2 protein chains.
Amino acid sequence: MTLTELRYIVALAQEGNFSRAAEHCSVSQPTLSVAIARLEDEFGVQLFERGKGFVSPSAVGLKVVEQAKLALGEAEKVRQVAMRGRDQLEGPLRLGVIHTIGPYLLPQLIHSLKEVAPAMPLAIEENMTANLAEMLHDNEVDVVIIALPFDVPGVLTRAIYDESFKVIVPRGHPWENREWIAPEDVAGDEVLLLKAGNCFRDQVLGACPQVSSPETDIRLGHSIGTIRCMVASGLGVSVLPESALGHPYSNDMISVIPFKEPAPARRVALAWRPGFVRPKAIEALLDAVRGLSSPAYRLLV
Amino acid sequence: MTLTELRYIVALAQEGNFSRAAEHCSVSQPTLSVAIARLEDEFGVQLFERGKGFVSPSAVGLKVVEQAKLALGEAEKVRQVAMRGRDQLEGPLRLGVIHTIGPYLLPQLIHSLKEVAPAMPLAIEENMTANLAEMLHDNEVDVVIIALPFDVPGVLTRAIYDESFKVIVPRGHPWENREWIAPEDVAGDEVLLLKAGNCFRDQVLGACPQVSSPETDIRLGHSIGTIRCMVASGLGVSVLPESALGHPYSNDMISVIPFKEPAPARRVALAWRPGFVRPKAIEALLDAVRGLSSPAYRLLV
DNA sequence: TCTCAGCTATAGGGACTAACTATGGCCGCT
DNA sequence: AGCGGCCATAGTTAGTCCCTATAGCTGAGA
C-alpha cells in the first residue's frame, strides 16, 4: 500500500471510470488499472466492481476509499507542517545564558530581537558556564551566551562584545574619590567574590592577582545583585562587569571607579553546535546584538 | 514523500540513532540515511540534527514526526478496514424483489438468512421487474429476486423455486366446491388482474388465455393484497401464486381451488451482475432458500 | 449484421529508484 | 596509536512503476 495507490482509488471512486481517473492522476489508464488490481490483490478484497457501463466501489471499497481520504489528508498535513517550519526564524529558540549576563543583557536583547525575528521567542535557561556547555552538548539548548574562553570541543563560537570591569566601593570608602584603580590595588580579603563555579569570579581572580580567595562564605555572593547589596552595606569592595552596574549607575550607596587603562574586560560570545539546524536563528541573534544601544557593550559584530 | 519515508523518520525519532532505527525498520543503515536526506531535501527543511553522540529531531522535525505518526495511523486503518471487509458475508446486501414475492417470501427468507449470514442485513427494494432490471444494471441493487423469464443481457440468474398458481373465488361462488379448475375455465371479465407492469399479471394472462384484459380500472388491483380483498368482497375471481395465499389459507371470505394438473406455475430466480464482488453473498442467499420450510415453495436448489 | 467507439485488461519494454554492500571520515575511548 | 561506533557516500543490482501498443468486450448505430 502506497500513498499513490490510495490517491488512485480515491480518484477512481470519484470519477467512476478508469480512463478519467487516470487522467485526473496524470498517469496512463493501464498504470491506474494495474495499481488498483495490485492493491486489491494485496488486501485480498475486491474494492471496485467493474460493470458494463460503470465502475463503482463495492461495500468494502466505499469504506476503504473514505478511510483513504482521511489518510491522504493526514499525509498532506505532514508536508504542510514541514513547509510551515521552513522559516528558521519561526518557533522558540532555546537560549542558555550565564548568571552574570542574563539579567543585564537579555531585557535589551529580547527587545532588539523582537524587531529582527518577531516569531522567534526565547526559551531562556540561566546557569553556569560548565552546565551550559553540557546542556549545549546534550541538545537541551540551541545557543548559549557565555564569556570567553569557552573551550568546548565541537562547538562554534562567535564573539559579540567586550565589556570592561569596574570597581565598586561603598560610599565613604577611602577609594571613593580616586580617578582610577590599578588591578594590583584590588587585594586583600575585603574583596567580595561570587561563589565558585561562576566564570566571572575566575575572571576577576585572573585580572586582579592580589585578590585572595576568602576563607569564609561571608564574603561570597550568589549573584551580582547580592554582591552589590553587600558592597552597599559596607561589607567590602568588588569588581563588576560594566553592564551590571545599572544605568546610570543609579545606586547612591555605592561608588563606581574605573580601572586604570588598559582595564580588565571580558569578551562575551555566542556558542552553538556546528550541526544546529537553524543557522539563520544565529544570524538573527547577531543582528539583535547589533541593535543594542547601551554604551556598556563594545560591539564586535 | 512516501509512507516508508514517514515510517523512517518516526523510527529515527524514537531510536535517536540511525543504525538502530534502520534495524527497527529492517533495512540497512545507508538506506535509512539517504531516505531521511531525501525527505529533508524534498521538504527543504532539516528534520534532524546530527550531533556528536546523538540524533535528535529539530523543532520542525518534532512536529513533522508527530504528524507523520497520525498519517501512518490513518494509513494503517485503511488496511484494517479492507481486511475487515474481506468477509463477504459482512455488510448489507442490497436486494431487489418484485411486489408479488416480497411480502410473502421475505419474512421467512430473512429469518432463514439470519442463520446463514447473521452479519449481512438486507436492504430491500420492492419494485416491478423492469425497474429492478434497470436498478440491477445501474448498480443500485446487488441481487434481485424475480420470476423467470428474466432476459436481461449480461446478468446471471439461478432458479430457486417453483410455485403453482391457484384460483381464488368468493364464498358462495359457483366454483366454490369444484375439485379443480382448468386454465381455460378462467375467462371473461370477472377475472381480477394486477395493473399493467406487474409480471405476475402477464403470467396469469399467459397461463389463462381466455382471460380478457378488463377495459376499466375497476377490475385492476395494485397489489395481491388488494386483489384478495376485492375477491372477498365479491367483485370477481382471480389467480394467485401459492405463496400469496396466506397460511393456512386463512381468509374465510374466499375459497382456494387448485388448477387442473399440470397447474400453471411460475419459476422464481435470483439474478445478479456477473461482476458482483460478493459471490459468497449469493451462496448465502441460496443457502437461506434451502432453509425455507413452507410447502408453497418447490425448491430447485 | 457489421462496424465503430468506448472502456478495461494484458503484454512488453524502459527508466527510475530504492535497496544492498563496501568504504571513508569523524569522534571518543582505551 | 589503535579501535569501535556512528553517519555519509559511492557504486551496483533488483525491483517496480509507468509507458505504449494491443487485445477483448460491449453497446450503439448504419
Side-chain angles (χ1 to χ4, degrees), chain A residues 1-9 11-13 15-42 46-58 61 133-134 136-139 151-156 273-275 277, chain B residues 1-9 11-13 15-42 46-58 61 133-134 136-139 151-156 273-275 277:
Chain A
M1 178 178 56
T2 69
L3 288 174
T4 305
E5 287 166 348
L6 295 187
R7 273 187 278 270
Y8 288 169
I9 64 173
L12 182 54
E15 303 286 347
N17 176 305
F18 276 73
S19 306
R20 280 200 303 277
E23 190 178 1
H24 184 269
C25 296
S26 308
V27 294
S28 71
Q29 169 265 314
T31 294
L32 192 129
S33 197
V34 170
I36 302 273
R38 182 175 51 238
L39 194 61
E40 286 179 330
D41 187 55
E42 176 183 342
Q46 198 163 344
L47 300 174
F48 293 90
E49 179 177 336
R50 285 85 157 157
K52 308 292 172 198
F54 67 94
V55 173
S56 94
S58 64
E134 192 177 350
L136 189 61
H137 178 270
D138 294 349
N139 191 23
D151 291 322
V152 178
V155 160
L156 298 179
R273 295 178 299 275
V277 295
Chain B
M1 178 179 57
T2 69
L3 288 174
T4 306
E5 287 166 347
L6 295 187
R7 274 186 277 271
Y8 288 170
I9 65 173
L12 182 54
E15 302 285 347
N17 176 304
F18 276 74
S19 306
R20 279 199 303 277
E23 190 179 1
H24 183 267
C25 297
S26 308
V27 294
S28 70
Q29 170 266 313
T31 293
L32 192 131
S33 197
V34 300
I36 302 272
R38 182 174 53 239
L39 194 61
E40 287 179 330
D41 187 56
E42 176 183 343
Q46 198 163 346
L47 300 174
F48 292 91
E49 179 178 337
R50 286 81 158 160
K52 307 292 169 194
F54 67 95
V55 173
S56 94
S58 65
E134 191 177 350
L136 188 61
H137 177 269
D138 295 348
N139 191 21
D151 290 323
V152 178
V155 160
L156 299 179
R273 295 178 299 276
V277 295

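All chains are named by letter (A, B, ...) in the order of the sequence lines, taking the proteins before the strands, and each is independently numbered beginning at 1. Note that the coordinates shown come from a computational prediction; the quantities given were computed from them, not determined experimentally.
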For D/dG5, does either OP1 or OP2 sit under 4.0 Å from a side-chain N or O belonging to B/Ser19?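 Answer is no, no contact under 4.0 Å.
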
Phosphate oxygens OP1/OP2 of D/dC6: is one of them under 4.0 Å from a side-chain N or O of B/Arg50?
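No.
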
Next on the checklist: So, using salt bridge (Lys or Arg N to Asp or Glu O under 4.0 Å) as the criterion, who are the partners of B/Arg7 when residues are at least two apart?
Outcome noted: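 Result, salt bridge (Lys or Arg N to Asp or Glu O under 4.0 Å) vs B/Arg7: none returned.
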
Can you name the residues that form a salt bridge (Lys or Arg N to Asp or Glu O under 4.0 Å) with A/Glu23, not counting sequence neighbours?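 Residues passing salt bridge (Lys or Arg N to Asp or Glu O under 4.0 Å) with A/Glu23: none at all.
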
Going 5' to 3' along DNA chain C, which are the first and last nucleotides with any atom under 4.0 Å from a heavy atom of chain A?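 So the contact region on DNA chain C extends C/dC7 to C/dT10.
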
Which residue, A/Ser26 or B/Val55, contacts DNA chain D at a nucleotide closer to its 5' end, judged by nearest heavy atom?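 Checking each residue's closest nucleotide, the 5'-ward one belongs to B/Val55.
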
Notebook entry, point to check: Does A/Tyr8 or B/Phe18 map to a spot on DNA chain D nearer the 5' end, using the closest nucleotide for each?
Noted result: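 Counting from the 5' end, the first nearest nucleotide belongs to B/Phe18.
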
B/S/- along nucleotides 21-26 of chain D (protein heavy atoms under 4.0 Å) is B----S

For residues 26-37 of chain A, which side-chain donor-acceptor pairs fall under 3.5 Å, sequence neighbours excluded?
unit_1: A/Ser28; atom_1: OG; unit_2: A/Thr31; atom_2: N; d: 3.4
unit_1: A/Ser28; atom_1: OG; unit_2: A/Thr31; atom_2: OG1; d: 2.9

Short of 4.0 Å, heavy atom to strand atom, which residues of residues 31-39 of chain B count as contacting DNA chain C?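 Nucleic-acid contacts, sorted: B/Thr31, B/Arg38.
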
Is it the case that the side chain of A/Glu42 and the backbone of A/Met1 share a donor-acceptor pair, with hydrogens and angles ignored and the cut-off at 3.5 Å?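 Such a contact is found between A/Glu42 side chain and A/Met1 backbone.
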
| Between B/Glu40 and B/Phe48, what is the shortest heavy-atom contact and its length? |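 Distance-wise, the nearest heavy atoms are OE2-N, 3.0 Å.
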
